[in-house]
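Note that this is a predicted model, so its numbers are computed, not measured. All values below were derived from every heavy atom in this structure, side-chain atoms included, with hydrogens, water molecules and symmetry-related copies excluded.
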Amino acid sequence: MTGKATAISCANIAFIKYWGRRDHALRLPLNSSISMNLDAATTTTTVAFDPALAADSLTILDADTTEKAARRVFEHLDRVRDLAEITTRARVVSRNSFPMGAGIASSASAFAALTAAACAAAGLSLDERALTILARLGSGSACRSIPAGFVEWHAGESSATSFAEQIAPPEHWDLRDLIAIVQTQHKEVESSKGHERADPSPFAAARVAAAERGLPVVRRAILQRDFEALGEETEQEAIRMHAVAMTSQPSVLYWSPETVRIMHAVRAWRAEGLPAYFTIDAGANVHVLCLGADTDEIAGRLRALDGVQDVLANRPGPATRLIDAHLF
Ligand code: DP6
């Protein structure tokens with residue numbers, strides 16, 4: 001069979017994080033998580049299954065393609081081939097709209113787009129839930145990039161019950177995520193390793209319990225558009241996740257001096273009456289949450305801080321979708 005398809009997916013920012021797994025091979029998380037898709041941080045991926053190919057190939061445009069990244073992509077193609085009952089090799093070409101490996105969850109948008117494009121190219125038509133489960137096997141956070149807008153990933157107890165679904169559509173709330181970029185090179189410890197190291201932290205179990213308490217708080221805050229409730233819980237959860245990373249073995253310290261500078265600045269602005277909260281993924285960049293009306297003011301203040309190279313402004317993003325504009 002010969003089939004080609006292209007998909008585009010948003011990265012996502014988690015308010016309640018996925019950090020630590022109960023099953024590493026199946027990427028079953030220790031706790032459920034909630035995120036928002038980021039409309040300006042996308043990955044576009046074209047997959048073509050072609051009987052003339054002797055092996056799979058991966059090209060990431062405008063970036064280096066490591067052997068490790070390629071292996072992970074080819075393993076994911078195997079999952080799709082198993083489902084479609086084919087053995088045909090594929091060519092994969094991908095492009096990101098943002099710097100890779102900088103804690104902007106490039107694996108989330110990458111594996112969501114790869115899953116949708118590969119399934120379509122293989123002639124599989126899975127429903128949304130099945131797509132989230134398949135994307136999760138490639139990268140946990142990728143399952144949250146399949147549905148649109150505000151999304152919850154139910155931890156579940158098995159592969160079949162660990163899936164993501166929408167809490168609210170993108171137009172529900174004009175929330176913004178301004179990513180202050182302070183580092184664009186590959187981070188030291190990728191999140192896949194971070195999850196494995198989380199277990200020995202003396203704070204791991206306490207964070208999971210706190211995340212479980214925070215989950216309904218964040219869900220309700222989104223549904224009621226309660227920015228203060230969302231921001232308070234999100235900021236606490238980011239600090240909890242990083243406390244686990246810092247106390248893992250070996251310890252992982254993602255923050256740079258610029259990261260901490262922004263954290264202090266955001267709190268100072270809030271004390272002045274400008275509503276903003278921060279969260280941080282597995283990298284040094286800081287995500288600053290604010291409301292639509294305050295975007296220009298906060299983006300301007302972030303750009304003026306020492307060490308901030310750029311600010312990437314995001315609105316709640318759409319679902320993963322197929323497009324006609326193939327990359328080859
Ligand atoms: C800090 O989804 O990248 O962004 O399943 O190993 O691919 P793998 O991990 P990944 O972890 C994301 C961690 C995080 C928090 C989050 O997005 O929930």
- prompt: Does the pair E237 and R240 meet the rule for a salt bridge (charged side-chain N to carboxylate O under 4.0 Å, His left out), with working shown?
  reply: CA-CA 5 Å; E237 168 68 355; R240 292 192 296 252; 3.0 Å; yes
Check against side chain to side chain donor-acceptor pair (under 3.5 Å), T161 and H154: CA-CA 7 Å; T161 53; H154 303 286; over 6 Å; no
query: Please walk me through it: do L215 and E152 pass side-chain contact (heavy atoms from CB on, under 4.5 Å)?
result: CA-CA 9 Å; L215 199 76; E152 178 166 347; 3.4 Å; yes
message: Using side chain to side chain donor-acceptor pair (under 3.5 Å), reason through S159 and R136 one step at a time and then give a plain yes or no.
response: CA-CA 9 Å; S159 196; R136 189 205 78 230; 2.6 Å; yes
task: Please step through side-chain contact (heavy atoms from CB on, under 4.5 Å) for the pair F15 and L289, ending with a clear verdict.
output: CA-CA 10 Å; F15 306 133; L289 301 178; 3.7 Å; yes
- request: Take W173 and L291 through the side-chain contact (heavy atoms from CB on, under 4.5 Å) test and state the conclusion after the steps.
  value: CA-CA 9 Å; W173 195 9; L291 295 170; 3.7 Å; yes
- prompt: Passes side chain to side chain donor-acceptor pair (under 3.5 Å), T279 versus H287? Steps please.
  reply: CA-CA 5 Å; T279 183; H287 293 248; over 6 Å; no
message: With side-chain contact (heavy atoms from CB on, under 4.5 Å) as the criterion, how do R27 and C143 come out once you've worked through the C-alpha distance, each side chain's angles and the decisive distance to 0.1 Å?
response: CA-CA 11 Å; R27 288 190 154 81; C143 70; over 6 Å; no
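The aromatic rings of H172 and F150 stand perpendicular to each other, their planes meeting at an angle above 60°, with 30° marking the opposite boundary. The aromatic rings of F111 and H76 lie perpendicular to each other, with more than 60° between the two planes, well past the 30° mark.
Side-chain contact between N12 and V151 is absent, with no heavy-atom pair separated by less than 4.5 Å. Using a 4.5 Å heavy-atom threshold, the side chains of T234 and I13 count as separate. I298 places a side-chain heavy atom less than 4.5 Å from the side chain of W269.
The neighbour count for H264 NE2, taken as heavy atoms of other residues, nucleotides or ligands under 6.0 Å away, does not exceed 12. Within a 6.0 Å sphere centred on CD of E272, heavy atoms belonging to other residues, nucleotides or ligands number more than 12. For E196, the CD atom counts as densely surrounded, since its 6.0 Å shell holds more than 12 non-hydrogen atoms of other residues, nucleotides or ligands. Around CD of E67, the count of heavy atoms belonging to other residues, nucleotides or ligands within 6.0 Å does not exceed 12. For R81, the CZ atom is densely surrounded, since the number of other residues' heavy atoms within 6.0 Å is greater than 12. Surrounding CG of D296 are at most 12 heavy atoms belonging to other residues, nucleotides or ligands under 6.0 Å away. The 12-atom threshold is not exceeded at CD of E157, counting heavy atoms of other residues, nucleotides or ligands nearer than 6.0 Å.
Atom-to-atom distance recorded for R207:CZ and Q236:CD is 13.0 Å, nearest 0.5 angstrom. With rounding to the nearest 0.5 Å, the separation of CZ in R303 from CG in L178 is 8.5 Å. For the atom pair S141 OG and K17 NZ, the distance stands at 10.5 Å (nearest 0.5 Å). The CD atom of E128 sits 8.5 Å away from atom CD of E165, with the distance rounded to the nearest 0.5 Å. For the atom pair L114 CG and R79 CZ, the distance stands at 10.0 Å (nearest 0.5 Å). Atom CZ of residue R71 and atom CG of residue D56 lie 13.5 Å apart, to the nearest 0.5 angstrom.
The pair R220-E233 fails the salt-bridge criterion, with no side-chain N (NZ, NE, NH1 or NH2) lying under 4.0 Å from an Asp/Glu carboxylate O. One finds no salt bridge joining K193 and E190 here, because no Lys/Arg side-chain nitrogen approaches an Asp/Glu carboxylate oxygen to under 4.0 Å.
I239 and V182 fall within the same hydrophobic cluster, where Ile, Leu, Val, Met, Phe, Trp and Tyr residues are linked whenever their side-chain heavy atoms come under 4.5 Å apart, directly or through other members. Y18 and V244 fall into different hydrophobic clusters, defined by Ile, Leu, Val, Met, Phe, Trp and Tyr side-chain heavy atoms under 4.5 Å apart, directly or through other members. A continuous path of ILVMFWY side-chain contacts below 4.5 Å connects L274 to V286, so both sit in one hydrophobic cluster.
A donor-acceptor pair shorter than 3.5 Å can be found between the side chains of T6 and T46.
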